[in-house]
Structures are given as structure tokens and as C-alpha cells.
2 protein chains.
Amino acid sequence: MMAPRRCEPGVCGKCAQPCTLGTLSRDLELDLRQLPELRERRLARGDYLFHTSGNFESLYAVRSGSMKVTMLTEDGREQITGFFLQGDLVGLDSVGLRQHVSSAAALEDTVVCELPFALLERHGQSVPRIQAALFRMLSGQIRRELSTLLLLGSLRAEERLAQFLIDLAERGVGPAECGTAIWMPMTREEIGSYLGLKLETVSRTLSKLHREGIIEVVKRGVRIRQERQLRLLAGMNPVPAARPRALAH
Amino acid sequence: MMAPRRCEPGVCGKCAQPCTLGTLSRDLELDLRQLPELRERRLARGDYLFHTSGNFESLYAVRSGSMKVTMLTEDGREQITGFFLQGDLVGLDSVGLRQHVSSAAALEDTVVCELPFALLERHGQSVPRIQAALFRMLSGQIRRELSTLLLLGSLRAEERLAQFLIDLAERGVGPAECGTAIWMPMTREEIGSYLGLKLETVSRTLSKLHREGIIEVVKRGVRIRQERQLRLLAGMNPVPAARPRALAH
DNA sequence: CCCGTGTTGTTACCCGTTGTTACCCGGCGT
DNA sequence: ACGCCGGGTAACAACGGGTAACAACACGGG
């Protein structure tokens with residue numbers, strides 16, 4: 001992992017263009033120029049941002065790239081509890097604790113911006129907007145986990161993959177439509193770990209969806225071909241849900 | 001549902017004895033005498049405390065009885081996302097929103113204490129301890145959901161039931177040991193909905209554990225017979241984890 | 001440059017766990 | 001008595017896991 005260095009406020013980590021909105025993440029609408037002391041960290045694939053039982057001190061906003069968050073089951077196996085893309089906030093599951101309950105690793109070259117939690121709390125005392133934003137972030141995390149819970153509780157492999165692909169698409173580039181290209185920065189095994197499936201099942205199911213003409217799969221790239229069918233499989237209404245973009249320029 | 005009435009501060013809803021600690025719930029260590037305006041609600045089996053898309057206004061501390069919280073999948077099926085026993089706090093998944101994202105219904109005769117969220121927020125501005133308690137409660141909810149997520153992601157029916165039973169036992173009466181009696185206020189179908197299993201599988205698996213002498217099942221009552229075996233199945237270390245009691249007197 | 005090696009992904013075959021369906025019983029309220 | 005609900009059991013089907021063989025590709029060393 002490269003050494004942390006000063007973050008340039010108001011500059012996007014990915015394209016090095018100034019952020020006209022100064023929006024750090026979709027959850028925390030925070031003008032970076034108000035908090036000039038934030039540092040950024042650059043990670044390569046496999047680098048850990050934090051580890052289970054390490055001290056919890058900061059949240060991290062993903063500015064470019066992507067991360068996985070993993071937990072250990074009591075019998076020692078590892079399971080992925082979430083993927084975090086550009087604009088997402090990592091580390092919320094350990095708020096209020098001394099130590100992290102999960103580990104976070106980069107899936108590819110990734111830049112994150114460090115937000116010391118004590119700093120946020122301190123600002124929260126005086127700025128009610130930050131206070132409210134913290135509650136929104138925490139409860140947003142709760143709801144993301146609840147929807148994963150619904151997915152794992154009742155959906156079959158095909159349906160899980162369909163929902164996963166639509167979620168990835170809409171978190172990345174906006175409404176998932178026919179022709180929308182999705183980049184999956186994670187391996188089949190990582191997808192399986194997150195969706196409660198074995199990697200072979202992930203592979204099989206993606207192949208099946210490809211055979212049926214619903215999607216087109218080339219390695220880690222997926223293109224949606226039949227949006228309606230995909231949404232049908234995912235158990236969704238055919239109407240795409242509006243979702244805020246990650247970072248606006 | 002019976003009409004809400006004034007709650008008697010410092011008096012336990014179950015045994016009508018004064019609470020010597022004044023502890024409302026294990027999450028929110030709050031002296032009831034500081035907030036004399038709290039009201040309680042009495043529910044019978046099946047009564048709803050709140051509904052999806054109803055206005056979110058309060059959290060509820062379960063003083064006696066038990067509740068289930070359910071969500072609707074996008075295709076209309078209902079799934080239980082959590083059971084809440086004496087001392088638990090219901091409603092955290094909608095914090096920061098206008099409307100509830102879930103519904104809560106009583107599993108048996110139940111008494112809850114209403115905590116208007118606006119009141120908590122107001123107190124949180126001035127009393128940092130309440131502020132911190134709110135964060136702890138939210139992140140505690142996150143972690144409970146994460147452990148359910150691990151369960152649904154990788155465990156088989158037997159393992160899920162084992163973990164479920166141990167969790168129920170330890171949330172109720174303390175460390176789960178040989179001889180510990182567990183009361184399950186929910187139906188087999190509700191257990192199945194929560195654990196991602198069909199009710200027949202729940203039934204089959206409980207019977208199997210009974211046949212093997214690990215537990216004893218009489219309707220909704222379960223007695224642990226071989227604690228080690230049960231913990232082994234649940235993928236836990238044989239050492240019982242210390243866990244705070246719900247309400248101390 | 002070629003080659004060996006390790007990683008990731010695909011596919012095929014078999015089989016175990018779980019879902020499905022059906023029917024049973026017992027308790028309870030009407 | 002009757003129907004309804006919760007619960008138990010059995011037979012069958014299907015989904016997904018286990019295993020293995022193999023292809024594609026990146027990487028590093030000779």
C-alpha cells in the first residue's frame with residue numbers, strides 16, 4: 001500500500017478534474033473545501049484498508065476504484081458482506097466500537113479519502129446537517145444490508161445474479177437499460193461469497209443468462225441485452241428506479 | 001390493539017416490579033425517571049406496532065413479550081428480518097427516513113415503551129451520552145444484520161437452526177447450557193422465513209436434532225441437552241460468549 | 001523468445017440438501 | 001360436529017454443491 005498523502009480538496013480522485021459540486025460521496029454531501037485536512041490513500045488490488053480487530057478511527061469515501069468488505073464466520077470462513085464502489089462510504093459497520101468488525105480490501109487500483117470519525121462527530125455537535133448526515137449514512141447502511149438479507153433469504157441463483165447485475169449497473173452509471181455495460185471488478189468467487197453461492201454456480205448462471213440472450217458476458221464485462229427479462233428475473237417492476245449519480249462534475 | 005397509556009417510569013412492564021437500575025433496554029441505558037413522558041402500548045398476537053410506509057416517529061423498547069419485523073420483497077412476498085425480545089429496540093431500520101421500511105407485529109401479548117425519535121434527538125444535542133447511545137444502537141443493528149447475513153450466506157439448515165436456538169437462549173436467559181429451556185414464541189413458518197428455510201425443513205431439522213438427543217422439542221418449547229454438540233453445529237467455539245442480561249432488577 | 005506455473009473462469013457429471021406436494025394428526029374456537 | 005391452524009412426516013423433484021478436467025491468460029525465469 002502506498003503511503004497516505006494529502007488529498008487535494010475538490011479534486012476527483014479518478015479523473016483529476018475539479019469537482020464542481022464538491023460532493024465527496026452520495027451519502028455525505030460535504031464540501032471538501034470545508035475540511036481541508038482530509039488525506040487520501042491509494043490502494044492496489046488486494047491491499048487492505050483496515051483489518052478485523054484493528055482500531056476503528058475513520059470512515060473512508062471511495063473516490064475511484066472499488067472495495068470488498070469481509071467478515072469471518074465463527075468457524076473461520078470468510079464471507080463478503082458488501083462491495084463498495086465510487087461514491088460509497090466504507091467502515092460504517094464499526095461505528096461506535098473501538099475495533100473494526102470487518103476487513104476492507106481493494107478490488108483494483110483504488111483511491112479513498114479518509115474521514116476521521118472523531119472529526120465528523122466533533123463537527124456534528126455544531127453542524128446539525130453533519131449530525132443528520134451521519135444518521136442517514138448509518139440507517140442507509142442498515143437498509144442496504146436488509147435488502148441483501150432479503151436476497152439471501154428467498155432468491156434462487158438466477159434471481160440473485162439478476163439483482164446483483166442491476167444493482168451494480170445502477171450504482172455505477174445510472175438506470176440499467178438495454179446496452180448498458182457493467183464492469184465487475186471482482187472474481188466469480190467473490191461474487192459467490194457475497195451472494196451465498198459457489199463460484200461454479202455463479203459461472204454456470206452467468207453462462208445460462210448469456211445463452212438465453214438476456215446479457216452478454218465477456219470476462220468481467222457484462223452488457224445488458226434484455227432489460228425487461230433481467231428485471232423480471234430479479235423480481236423487480238420493469239420501471240427503473242431513479243438513483244443519484246455517484247459523483248457529478 | 002389496546003389504546004396507548006402512560007408508562008409508569010421505573011417499573012418493569014413484565015413483572016410490575018420497580019426496576020432498580022432503571023434500565024430500559026440493553027442498548028439504550030436510559031433512566032426512565034429522566035423521561036417521564038414515555039407512553040407504553042400493549043399488543044396482542046398479530047397486532048401491528050407500525051406498518052411499511054407509515055410515518056416513522058418513534059422507536060419502541062420491548063418491555064415484555066416479543067415482536068417480528070417483516071419486509072416485502074419487490075415481487076410482493078413477505079420475509080421476516082428480525083425477532084425482537086424483551087430489552088430489544090424496534091424501529092431502528094427506519095431512522096433518518098420519513099416512512100417505515102418495515103412492519104412490526106407482536107408474536108404474543110407484548111408491552112412496548114414508545115420513544116419518540118425527535119425527543120431522543122433533542123436530548124442528544126445536549127446529552128452526549130444519549131448521542132453516543134444512538135450511534136451505538138444504530139451500529140448494533142447493523143452488526144446484528146451482518147451476522148444474519150453470514151448465517152444466510154453460508155450455513156446449512158441444521159447449522160442455521162443451531163445458531164438460532166443458541167441466539168434465542170442467550171438473548172433470553174443468559175448463557176445457553178445443558179438443561180436451558182428456550183421458548184419460541186413464533187411459528188415454524190416464521191422461523192423459516194427468518195432463516196431462509198421452508199417450514200417443513202424447519203420441522204424436519206428440529207425433529208432430527210431431537211432424534212439425535214441434542215435438544216428436546218415440545219411444541220414451542222426447546223430444552224438444550226447437548227450444549228457442546230449444538231455449539232459445534234452452530235460453528236461456534238464451545239465457550240459460551242458472555243452477553244448482558246436484558247433487564248436487571 | 002519460449003516455457004512452466006499459477007490464477008481465473010468454464011463446463012460436465014454426480015449426488016446431497018432442500019423445496020414441493022400431499023396427507024396425516026391434534027387442539028381450538030364456532 | 002365442523003373447519004381452521006399449527007405442526008409432523010413421507011415421497012419425489014430440482015436446485016445447487018462437490019469434484020474434476022480443461023481452456024485462457026498473465027507472469028516470471030531461463
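Order of the sequence lines fixes the chain letters, A, B, ..., with proteins taken first and strands second; residue numbering starts at 1 for each chain.
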A.B. asks: With distance as the sole test, does B/T110 use its side chain to make a donor-acceptor pair with the main-chain N or O of B/E108 at under 3.5 Å?
C.D. replies: yes
A.B. asks: In whole angstrom, what separates B/M186's CE from D/dG7's C1'?
C.D. replies: 16 Å
A.B. asks: Provide the closest heavy-atom pair for B/R77 versus A/S154 in the form atom of the first, atom of the second, distance.
C.D. replies: NH1-CB, 3.4 Å
A.B. asks: Rounded to whole angstrom units, what separation is found between the CE atom of B/M184 and the C1' atom of D/dG7?
C.D. replies: 11 Å
A.B. asks: I need the NZ-P distance between A/K219 and D/dA23, as an integer number of Å.
C.D. replies: 15 Å
A.B. asks: Taking any heavy-atom pair under 4.0 Å as a contact, classify A/R160: base, sugar-phosphate, or nothing.
C.D. replies: nothing
A.B. asks: What parts of residues 193-212 of chain B reach DNA chain C, counting only heavy atoms under 4.0 Å away?
C.D. replies: B/G196, B/L197, B/K198, B/E200, B/T201, B/R204
A.B. asks: At their closest point, which heavy atom of B/L161 faces which heavy atom of B/I191, and how far apart are they?
C.D. replies: CD1-CG2, 4.4 Å
A.B. asks: Between A/F164 and A/Y194, how do the two ring planes meet: parallel, tilted or perpendicular, split at 30° and 60°?
C.D. replies: tilted
A.B. asks: Flag the pair A/V222 / A/M184 as yes when at least one side-chain heavy-atom distance between them is below 4.5 Å, and no otherwise.
C.D. replies: yes
A.B. asks: Would you mind telling me which residue lines up with the more 5' stretch of DNA chain D, B/E189 or A/R156, judged by nearest nucleotide?
C.D. replies: B/E189
A.B. asks: For B/E190 and B/F83, which heavy atoms make the closest approach, and how far apart are they?
C.D. replies: O-CZ, 3.6 Å
A.B. asks: Any side-chain N or O of B/R188 below 4.0 angstrom from OP1/OP2 of D/dC5?
C.D. replies: no
A.B. asks: In this structure, how many angstroms lie between the C1' atom of D/dC15 and the CG atom of A/L161, rounded?
C.D. replies: 14 Å
A.B. asks: Going by distance alone, is a donor N or O of one side chain under 3.5 Å from an acceptor N or O of the other, for B/Q163 and B/R160?
C.D. replies: no
A.B. asks: Students should find this one: the first and last nucleotides of DNA chain C, 5' to 3', lying under 4.0 Å from a heavy atom of chain A. What are they?
C.D. replies: C/dT8 to C/dC13
A.B. asks: Identify the two heavy atoms, one from B/V69 and one from B/F84, that lie closest to each other, and give their separation to 0.1 Å.
C.D. replies: CG2-CE1, 3.4 Å
